[in-house]
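Heads up: the structure comes next, in structure tokens.
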Amino acid sequence: MGYTKDFQQVMDFYRDTTPKQKQMFLNLISDTLMFFDGENGYNVDSEYTINFNGTYHQINIIKE
């Protein structure tokens with residue numbers, strides 16, 4: 001069984017983009033991201049850009 005058309009497009013994007021392009025995409029959507037730790041919600045801190053920390057993306061967050 002294959003993916004739905006929409007999910008296949010997401011998978012193609014994920015597989016076919018470079019880490020730098022993924023970082024640019026994360027910066028593009030950073031105002032819509034929210035992270036949770038079970039009790040609190042955190043937004044991306046707009047004073048910082050999403051950047052690399054070694055091989056991982058570093059996303060600075062602030063408690064809202």
Side-chain angles (χ1 to χ4, degrees):
M1 181 176 200
Y3 297 130
T4 64
K5 181 181 176 188
D6 287 340
F7 191 71
Q8 183 63 53
Q9 288 176 326
V10 171
M11 291 302 297
D12 291 343
F13 168 80
Y14 184 78
R15 290 179 182 143
D16 297 337
T17 55
T18 66
K20 182 72 174 169
Q21 289 170 318
K22 289 175 182 144
Q23 179 182 325
M24 286 187 259
F25 179 72
L26 288 171
N27 276 304
L28 181 68
I29 65 167
S30 65
D31 63 330
T32 64
L33 298 175
M34 181 174 271
F35 299 90
F36 297 93
D37 67 3
E39 295 179 16
N40 300 301
Y42 301 87
N43 288 330
V44 176
D45 191 341
S46 61
E47 291 186 25
Y48 300 94
T49 59
I50 296 172
N51 222 330
F52 286 108
N53 186 351
T55 58
Y56 298 98
H57 296 287
Q58 179 172 323
I59 302 174
N60 293 302
I61 56 176
I62 57 173
K63 187 175 178 181
E64 291 296 319

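Since we're looking at a predicted model, the values are computed, not measured. Reckoned from all heavy atoms, side chains included, excluding hydrogens, waters and symmetry mates.
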Atom of Gln21, atom of Asp16 and distance for their closest heavy-atom approach: OE1-O, 4.2 Å
Membership question, hydrophobic clusters at under 4.5 Å side-chain separation (ILVMFWY): are [Y] and [X] in the same one?
| X | Y | result |
| --- | --- | --- |
| Phe13 | Ile29 | yes |
| Ile61 | Phe25 | yes |
| Leu26 | Met24 | no |

Around atom OH of Tyr14, are there more than 12 heavy atoms from other residues, nucleotides or ligands closer than 6.0 Å?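 No - once you tally the heavy atoms of other residues, nucleotides and ligands closer than 6.0 Å, there are 12 at most.
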So, taking the atom named CD in Glu64 and the one named CG in Asp45, what distance separates them when rounded to the nearest 0.5 Å? 9.0 Å
What distance separates Ser46 OG from Asn60 CG, expressed to the nearest 0.5 Å?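 Output value for this atom pair is 11.0 Å.
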Donor-acceptor under 3.5 Å (Gln58 side chain, Ile50 main chain): no
Side chains of His57 and Asn53, heavy atoms from C-beta outward: is any pair under 4.5 Å?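 Answer no - side chains too far apart.
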Is there side-chain contact between Asn40 and Phe36, with at least one heavy-atom pair below 4.5 Å?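 Side chain of Asn40 against side chain of Phe36, heavy atoms only: no contact under 4.5 Å found.
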From the list Phe35, Tyr48, Tyr42, side chain to side chain contact (heavy atoms under 4.5 Å, CB included) partner of Ile59 resolves to Phe35
Looking at Gln8, Arg15, Gln9, which hits side chain to side chain donor-acceptor pair (under 3.5 Å) with Asp12?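 Passing option: Gln8.
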